[in-house]
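Each chain gets a letter, A, B and so on, in the order its sequence line appears, and its residues count up from 1.
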Protein chains: 2
Amino acid sequence: MRIGELSARAGVSVRALRYYEEQDLLTSTRSGSGQRHYTESAVERVVFLQRMYAAGLSSRTIAELLPCVESPSEETSDAALARMAEERDRLSAHIADLIRTRDSLDALMAVNRAHRETLRTA
Amino acid sequence: MRIGELSARAGVSVRALRYYEEQDLLTSTRSGSGQRHYTESAVERVVFLQRMYAAGLSSRTIAELLPCVESPSEETSDAALARMAEERDRLSAHIADLIRTRDSLDALMAVNRAHRETLRTA
DNA sequence: CTTGACCCTCACGTAGACGTCAGGTTTTAG
DNA sequence: CTAAAACCTGACGTCTACGTGAGGGTCAAG
């Protein structure tokens with residue numbers, strides 16, 4: 001498929017796809033005229049990239065994890081696997097932090113609601 | 001206390017504190033010579049701001065929530081409370097998304113580890 | 001009274017993931 | 001065959017939460 005279709009199917013802009021390629025996160029074959037062509041698997045690759053970005057990883061970090069994604073059937077480098085474990089832990093800590101934040105928001109809302117109740121029944 | 005002490009106690013840069021004030025997220029009284037002075041409560045205010053930033057909220061959004069934080073003892077505007085609930089839900093969705101991402105990372109690591117085991121015992 | 005640590009206000013610099021416009025080629029529908 | 005739609009390569013613009021000097025007051029210590 002061409003870049004427009006991939007863009008539509010993966011839900012990201014054409015510009016973003018070119019950017020991913022520039023960052024060595026996505027590859028494409030080129031037609032004689034220079035247009036990019038992608039395989040079906042590119043869709044899930046892009047979805048994966050989106051996930052990683054959402055998890056707060058940078059392009060460079062994602063690139064370091066790619067060996068684990070691209071060739072789970074080959075010998076993946078220790079470094080890549082270790083990096084993945086590291087990012088997983090960082091993500092886990094971040095999740096815990098966000099949950100604490102959500103709890104404090106809940107507490108704040110409860111206080112405000114309670115006070116309103118007080119005002120209403122006064 | 002002056003800005004340097006608040007900076008040290010809250011663990012953020014002096015520049016960040018001035019920026020918060022510029023964004024109407026933090027107030028200070030000024031001495032005759034123009035230096036900022038803060039009360040003890042400023043420390044927890046700054047910690048709260050850090051939490052919100054970590055949760056992905058922008059300065060503008062945080063400012064919209066502040067009425068709920070500043071005056072839980074006054075009549076908080078419906079808008080602010082609604083905005084808070086909205087952000088809480090957004091945060092909740094984001095957390096769920098991150099957990100899914102973590103799960104997929106775990107799965108990826110498991111596959112890689114399993115394959116290594118296969119290679120080792122082959 | 002001077003030195004050094006701390007504070008002030010501009011105001012430009014930064015990084016990351018794209019958005020967007022320019023200027024030109026290619027593909028597709030009719 | 002032609003016009004619109006889609007694609008290409010630069011390359012500058014954008015937004016956010018600060019970093020980083022520049023140039024200059026202020027305050028406690030000696």
Side-chain angles (χ1 to χ4, degrees), chain A residues 1-39 42-43 45-66 87 90-91 94 97-98 101, chain B residues 1-39 42-43 45-66 87 90-91 94 97-98 101:
Chain A
M1 78 190 84
R2 291 191 301 169
I3 201 169
E5 186 179 345
L6 179 57
S7 165
R9 290 179 55 184
V12 307
S13 72
V14 166
R15 176 67 174 94
L17 295 177
R18 296 201 187 104
Y19 177 74
Y20 297 162
E21 184 169 321
E22 190 181 317
Q23 302 296 310
D24 295 313
L25 302 177
L26 184 65
T27 56
S28 64
T29 57
R30 298 299 188 103
S31 69
S33 60
Q35 300 205 345
R36 294 172 176 81
H37 285 270
Y38 302 92
T39 63
V43 178
R45 162 64 67 97
V46 173
V47 169
F48 173 78
L49 294 179
Q50 290 292 104
R51 272 191 201 285
M52 294 304 112
Y53 280 125
L57 308 201
S58 67
S59 295
R60 222 177 69 78
T61 302
I62 297 173
E64 290 174 19
L65 304 185
L66 280 185
E87 290 304 327
R90 208 185 50 72
L91 178 55
H94 188 203
D97 199 53
L98 292 186
T101 299
Chain B
M1 78 189 84
R2 290 189 301 170
I3 201 170
E5 187 179 343
L6 178 57
S7 165
R9 289 179 56 183
V12 306
S13 71
V14 166
R15 175 69 174 94
L17 295 177
R18 296 203 185 102
Y19 176 74
Y20 298 161
E21 183 169 322
E22 191 181 317
Q23 302 297 309
D24 295 314
L25 302 178
L26 183 64
T27 56
S28 63
T29 58
R30 297 300 186 102
S31 69
S33 60
Q35 299 203 345
R36 293 174 177 81
H37 285 270
Y38 302 92
T39 62
V43 177
R45 163 63 67 97
V46 172
V47 169
F48 173 78
L49 294 178
Q50 290 292 104
R51 271 191 202 285
M52 293 306 111
Y53 279 125
L57 308 200
S58 67
S59 295
R60 220 177 69 79
T61 303
I62 298 174
E64 290 174 22
L65 304 184
L66 280 185
E87 289 304 326
R90 208 186 50 73
L91 178 54
H94 189 205
D97 199 52
L98 291 186
T101 299

What integer distance in Å separates [X]:[atom1] from [N]:[atom2]?
X	N	atom1	atom2	result
A:M52	C:dA17	CE	C1'	17 Å
A:L6	D:dC8	CG	P	11 Å
B:R2	D:dC27	CZ	P	8 Å
A:L25	C:dG16	CG	P	13 Å
A:H37	D:dA6	NE2	P	15 Å
A:Q35	D:dC7	CD	P	7 Å
B:R60	D:dA17	CZ	P	11 Å
A:Q23	C:dA17	CD	P	7 Å

Within the 4.0 Å heavy-atom criterion, would you say A:R30 contacts the bases, only the backbone, or no part of the nucleic acid? sugar-phosphate
Determine the contact category for A:L57: base if any of its heavy atoms lies under 4.0 Å from a base atom, sugar-phosphate if only primed atoms, P, OP1 or OP2 are that close, otherwise nothing. sugar-phosphate
Salt bridge (Lys or Arg N to Asp or Glu O under 4.0 Å) contacts touching residues 14-23 of chain A (sequence neighbours left out): A:E21-A:R30, A:E21-A:R36
Do any of residues 9-22 of chain A sit with a heavy atom less than 4.0 Å from DNA chain D, and if so which? A:R15, A:R18
Without hydrogens or angle criteria, can the side chains of B:Y53 and B:S59 be said to hold a donor-acceptor pair below 3.5 Å? yes
Taking the basic N atoms (NZ, or NE/NH1/NH2) and the acidic carboxylate oxygens, is any pair closer than 4.0 Å for A:E87 and A:R90? yes
Just verifying a value: how many Å separate A:L17 CG and A:L49 CG, rounded to the nearest 0.5 Å? 9.5 Å
What distance do B:T39 atom OG1 and B:L6 atom CG have between them, rounded to the nearest 0.5 Å? 9.0 Å
OP1 or OP2 of D:dC7 less than 4.0 angstrom from a side-chain nitrogen or oxygen of A:S33, does that happen here? no
May I ask you to evaluate whether B:R36 reaches the phosphate of C:dC8, defined as a side-chain N or O under 4.0 Å from OP1 or OP2? yes
Between B:M1 and B:E5 the two heavy atoms that sit nearest each other are CB-OE1, 3.4 Å
Note: B:L66 and B:D24 closest approach over all heavy atoms is CD1-O, 3.8 Å
Could you please name the option among D:dA17, D:dT9, D:dC7 that lies closest to any side-chain atom of B:S59? D:dA17
